[in-house]
There are 4 protein chains.
Amino acid sequence: MDWTVKQRFDIEPFLKQLVSEARALPVSGKVADYIPALARVNPEQVGLALATVDGKLYCAGNATVGFSIQSLSKIFGLVMAMNRAGDSLWQRVHMEPSGLPFNSIVQLDYEHGIPRNPFINAGAILIADVLVSHYSASRQALISFIRQLAGCEQIFADDDVFQSERQHGSRNAAMAYLMKSFGNIEADVEKVLAHYFYQCSVNMSCKQLASSLTFLANRGVQPLTEKVVCSRRDAHRVNAILSTSGMYDQSGEFAFTVGLPAKSGVGGGIVAIVPGYGVICAWSPRLNNFGNSCLGMHMITGIAEQLGLSVY
Amino acid sequence: MDWTVKQRFDIEPFLKQLVSEARALPVSGKVADYIPALARVNPEQVGLALATVDGKLYCAGNATVGFSIQSLSKIFGLVMAMNRAGDSLWQRVHMEPSGLPFNSIVQLDYEHGIPRNPFINAGAILIADVLVSHYSASRQALISFIRQLAGCEQIFADDDVFQSERQHGSRNAAMAYLMKSFGNIEADVEKVLAHYFYQCSVNMSCKQLASSLTFLANRGVQPLTEKVVCSRRDAHRVNAILSTSGMYDQSGEFAFTVGLPAKSGVGGGIVAIVPGYGVICAWSPRLNNFGNSCLGMHMITGIAEQLGLSVY
Amino acid sequence: MDWTVKQRFDIEPFLKQLVSEARALPVSGKVADYIPALARVNPEQVGLALATVDGKLYCAGNATVGFSIQSLSKIFGLVMAMNRAGDSLWQRVHMEPSGLPFNSIVQLDYEHGIPRNPFINAGAILIADVLVSHYSASRQALISFIRQLAGCEQIFADDDVFQSERQHGSRNAAMAYLMKSFGNIEADVEKVLAHYFYQCSVNMSCKQLASSLTFLANRGVQPLTEKVVCSRRDAHRVNAILSTSGMYDQSGEFAFTVGLPAKSGVGGGIVAIVPGYGVICAWSPRLNNFGNSCLGMHMITGIAEQLGLSVY
Amino acid sequence: MDWTVKQRFDIEPFLKQLVSEARALPVSGKVADYIPALARVNPEQVGLALATVDGKLYCAGNATVGFSIQSLSKIFGLVMAMNRAGDSLWQRVHMEPSGLPFNSIVQLDYEHGIPRNPFINAGAILIADVLVSHYSASRQALISFIRQLAGCEQIFADDDVFQSERQHGSRNAAMAYLMKSFGNIEADVEKVLAHYFYQCSVNMSCKQLASSLTFLANRGVQPLTEKVVCSRRDAHRVNAILSTSGMYDQSGEFAFTVGLPAKSGVGGGIVAIVPGYGVICAWSPRLNNFGNSCLGMHMITGIAEQLGLSVY
């Protein structure tokens, strides 16, 4: 990595320029509309934030506007479950890339109810089962965990989104029941799904997301509080799974063109980890065919290329 | 990365110790026996080599004994094809992890004859088609490329292995004809397979492999000769695909536990790239269920953990 | 067909001999034990009944002992749904053989939630949805329909089996939710499943089953009552689907060796339709690997061969 | 079956009327064009023939025009292989419906190189392997067998079609090599494919096809010559497999609407067996999406409905 280049840079103007350039691009992609609550978002918004391991925070565009974090929540859930369940977790969920679209029920059946990794829906539902089984109030535990990481008590789950997800959650219910039929869901399926949909409906801004996940770029330690969120080994592991499986069926291409551990959500957010440097969060609601934010991809690719951030 | 740790180390004794420890482990795994020529190898051999970007080379155990490089040859073929075909290559082969065993014909059919990535067999056969179509004598071009990289004119393809591969190559023939049926193989299938089997039968030592691939850890430049083997961007790209897809169906686990771009072959060799530092090659013939060398995995995991090499 | 042969026969002694021979065979197969209520059955029982289109009824062995009809109930459900929904039914469920085990969720996903035929579980769950949607009290309607066909008011659904099925029904729930996610389930999933499990838990004897289904061998008309149960065309259609899809993944082999439309259930019952002649019901609890009764297959094969009943 | 209806009928005028009605229908479907030699056929032709077990032959339209029999040849190959190989044949090819399009390589891989039935391409290639292995000159043996059945020495294989098939046969080659990789092809793959493509390129008329296959409606005995072509049991078996698997992925629907054992070919021919009565052959080149002749389906459905021919 080009540390000198990175330090020479005046970061915030660079981020602002990236947001401006992104806004000037021809409209492309489509806001997620599988639930009404997501379809209502203003599609023109573009946010960008960077939190560094030395505790600095840079913002541009709509970086402080909250949005539905959706699958980005899978990172928080996974870290909590790893802390609680230890290595036995990996007997119930694997860490291999899936090679099939993110909600594939086919692979889940062939592999006897063991999800390929914790970032596909089936894997995140399994993680929800772990949390529901280990915490008496798993939703409260999750939102507290997130609030503490972000240093902000105002973070909440959007009830409209939550109810909407539940009503349109038949495919996720199918996967949960399929895992249950293989004995790989312990708690009541309805409870597990409720946790999962709650988690997806959490609302956060780019700024909150980037700062709350900085520990992943810093060997498990949150820079400002110096709190150990997870072990160094587990930080590496989460980043490894993000690298092979975080960007849905575009993960390989993202590694190829950007070269950073990253996760996206259908709310339009993308988080990218730069080990040893910091965490980028980009947001814009319109999605490409893989479910990844068009402008988010564009901005993160721009940062990674110009700062030479690829881990490879 | 812990540069200080790495530099404090006296590398060669450390490698020797790893080889000794590996040799002392209980026997595990099985030599590849799908062709007689591979089954004849002495299974007790253990080699380890490290070539660094500053031109140093460290060896331990049977690091100078030649073995069948098999799928490690896919790296050489890919770099040659990228240099020749440019970005249009990626319309004929993708860069996504496969999620299915390395020789899956199922995914190839569902995805209309476009292989998931250049490191599964179908992808490497497609790369062979590119080489056969771009070079009048593709096998000669390949062996020359390898000899130049390794700085050694004695490297050869083992004719016994080559003939044996051809005789047992029905599954690879099936994949080649399937791609042909989708119009994704241009040359004569028999010629393409001959190149592919030739490439697999090249014989090299750990020492030769580590030094010939150092350019991948050095932004495309071979350290000793300062020759530009490929662009910096292409070196990143090759490493990215190795990270998500180089270790067969154990790629995710390898990223999780080791965190390095790597490739293995059923001859028992494993090559791991440490960007900015160097290339490790480990060899021992007995394979685990995924087709990866048992002791090779053990030694590379040991180096990565002790030197803190994970890119994540 | 050899009508002369069939008429020359003294049927009942022949059936009794078949039961005796079956009882003398070495024990083979295994009682269904996925729910405790089924596992408790006495496995030594063997029953056989034949109801002819001219209103005669022949019995042998335990022909009057009730057992769990399980998937045999799919015939009753299908006929009711065809009568209610008309040809539009076939847009929601197809009539092609499945080529995959009876509870495959994979094919259901690839084919966008449209089950291959009404005799695989997904198809029968869809039929349950039709009944739940068309009847205010679908379970009562079903049991009345069966009682009327069998001419017996004592037929009931076994509550132990019903509760047990519900508790172990996660895989069926997964398929129902998957169809719901494709918009192919209209009613509440829990209600649909409750109907489906109720239907499976109906208890009938060989005698009752053979006589209740005689209309399928008689162009839709129940011989004794002369009541039109379904149209002649629909009787042909039900028999056609039974022929290609009634015996789980052994349907082709059954057509090959026996050549009759037939349906089996994991309670150990098998019903075979002989168009223009009558209906055979065989029962014995031990199942082969395909889920078909071992002795049931043996006895029905014996009848078909000796009487030359193959429709082909 | 309504024997009185059938006998009351004056057959030939009825067939002629069906041809006229078919010709008056709006154009639908598309001539097979995967090879130029097939695309050249005059698409307006419509032929219909019926050969009865009492030795009569009725013709209408272009019933004496030769066309490429394509997959209809699979019946001749199967009967020859059953006669030669006996019941051991069924360990190398199964008799289950496939549930997937006729040339699926996926199922072949999952089921370890054992084709689902002899009427999908993989199964017919396996049958070709049996014939190549059992006959010193398998192509000559096949054409002699056909000529003898049809009572016509002029039947030939079209060399243009044969060469064209070979040039466009990559997918069939893929399946052959895949079976070879599982050890389920004994002879040289190129020889097996040559036999298979030769067989597909045989040229026959409706009249020749109907009369050559009458033995299947007559318990294995050819009516005119009284020659035993196959055992009664094997005639039943061939008809059984035709019933579940003869009409590609429309087999279930054909059983449902027509109810006869039948086979179609992409040359536009369809053969339907009426056990105990005779064999119908319809021909018209335009195909529906399943690869079955549009007008052929229409005419055979008409005959079956009006004469009440369904075996169910």
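Sequence lines set the chain letters: A, B, ... in the order given, protein chains first and strands last, and positions in each chain run from 1.
In this structure the side chain of D/T301 never reaches within 4.5 angstrom of the side chain of D/H298, judged on heavy atoms.
Counting heavy-atom neighbours within 6.0 Å of C/N289 CG, excluding the residue itself, gives a total of 12 or less.
When each of C/S243, C/A217, C/G259 is checked for heavy-atom pairs under 4.5 Å with chain D, C/S243 comes out on top. Looking only at heavy-atom pairs under 4.5 Å with chain D, the residue among C/H94, C/Q107, C/Q250 that has the most is C/Q250.
Proximity of the aromatic rings of C/Y312 and D/H236 is defined here by a centroid distance below 6.0 angstrom, and this criterion is not met.
In this structure, the portions of C/R237 lying under 4.5 Å from any heavy atom of chain D include both its backbone and its side chain.
Residues C/Y248 and C/S71 have side chains that bring a donor and an acceptor to within less than 3.5 angstrom of each other.
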